[in-house]
Amino acid sequence: MSEQIYKEVQDYYGKELKKTEDLKTNACITAARPLPIFVREALQCVHEEVSAKYYGCGLVIPECIEGCWVLDLGSGSGRDCYVLSKLVGENGHVTGVDMTETQDASMSFFNLLSSSNCVVNLSPDKRTVLREAFRMLKAGGELYFSDVYASHDLSEDIRKHRVLWGECLGGALWWKDLYKIADEVGFSPPRLVTASRITLANKELESIVGDCQFVSATFRLFKIPKDGSIQQCEIIYKGGIAGHEKEFAFDVNYNFKQGEVVEVDGETASVLRHSRFAKKFLISPVEQKLPACEGHSPGTIKEKIADPFKLVEQTEAKVSAKSPSGCFGPKRCC
């Protein structure tokens, strides 16, 4: 079964899909969060032929990657590799790996940080993918990836559907299984970064998936050493991350403003202390209070959002609340 899936994915992406317009659904063209100017400038340097063969759930570019060694899993036409190579600089390194020969854009070596874009769902063995990603990362390294997730476990009819699998839907994980597998292979708990709803825009395929819903979500998974340093801390973002000098949205639960004291849970403190972000923060256990900047005081730890579908619902509710409707909107209905 696994060999058949690999062969069908190779054929689908190597022979059937020649450009974005060949996609049968909207699953592989969902938007990511807004990009900083310097990332957009790097993207403009990519040849249009390479960009035309790009299929994915948004450009996945982590912050603070200058000097990093990056592995791009499922590099496809190589678009992300070209952008990443601009951002890691002369002391960094980027390698692209893809399973289809016509999509391959292999480069050199890798290690510190691993990036992926809508490809984990294409593998029939997600546990092996995440286990090998964990193995290849250095201590403190990160798997930063965007992928498609399902609202519940998928039926065999959906999983065996060739087009749904090729369009990144048939192989989508139930989002709760991501947390389970990440824990089993050794990653710290996944950090949800963004999520957006996927609409198929294909009546035939919609009838097959039924009431199952899908989202495109970006997560951070860190390889953090088990050194017993998990304790609640106060931190201050010192600034300095390119494109995020004054404010850094680490995930949906933590948005750090320069100079502001923020109280974080032990897992978050451990991730920041051991990762490439360490030099950008002052970190101290809660009992050793950090001096708050004028006008800033530490906030309390809120309940964290882990469910990407919950995040989508909250986002849509906010948009709906801001949008005028009924007879008093900009376009009157009466």
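Quantities reported herein were computed from a predicted structural model and do not represent experimental measurements.
F134 meets the ring pair (Phe, Tyr, Trp, His ring centres under 6.0 Å) test with F187; sequence neighbours excluded. D153 pairs by the side chain to side chain donor-acceptor pair (under 3.5 Å) definition with R159, not counting sequence neighbours.
Within a 6.0 Å sphere centred on CD of E66, heavy atoms belonging to other residues, nucleotides or ligands number 12 at most.
Of the possible polar contacts, none joining the T199 side chain to the A201 backbone as a donor-acceptor pair under 3.5 Å is found.
The shortest distance between side-chain heavy atoms of D251 and L192 does not fall below 4.5 Å. The shortest distance between side-chain heavy atoms of E260 and I236 does not fall below 4.5 Å. Side-chain contact between R191 and N253: absent, with no pair of heavy atoms (C-beta onward) separated by less than 4.5 Å. A 4.5 Å side-chain heavy-atom check between V193 and R220 finds at least one atom pair inside the cut-off. Side chains of C64 and F277 form a contact here, defined as non-hydrogen atoms less than 4.5 Å apart. A 4.5 Å side-chain heavy-atom check between D147 and S216 finds every atom pair outside the cut-off.
Here the CG-CZ distance, from D72 to F145, works out to 13.5 Å after rounding to the nearest 0.5 Å.
In summary, the aromatic rings of F281 and F256 are positioned with their centroids under 6.0 Å apart. Aromatic ring centres of F309 and Y149: separated by at least 6.0 Å.
A donor-acceptor pair shorter than 3.5 Å can be found between the side chains of E263 and Q232.
The side chain to side chain donor-acceptor pair (under 3.5 Å) contacts involving residues 171-187 comprise R127-E184, where partners must be two or more places apart or lie in separate chains.
R197 has no carboxylate O lying under 4.0 Å from a charged side-chain N of E313, or vice versa, which leaves the two without a salt bridge.
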If you apply the rule salt bridge (Lys or Arg N to Asp or Glu O under 4.0 Å), what do you find for K304 with D265, and how did you get there? CA-CA 10 Å; K304 291 192 290 186; D265 60 87; 3.3 Å; yes
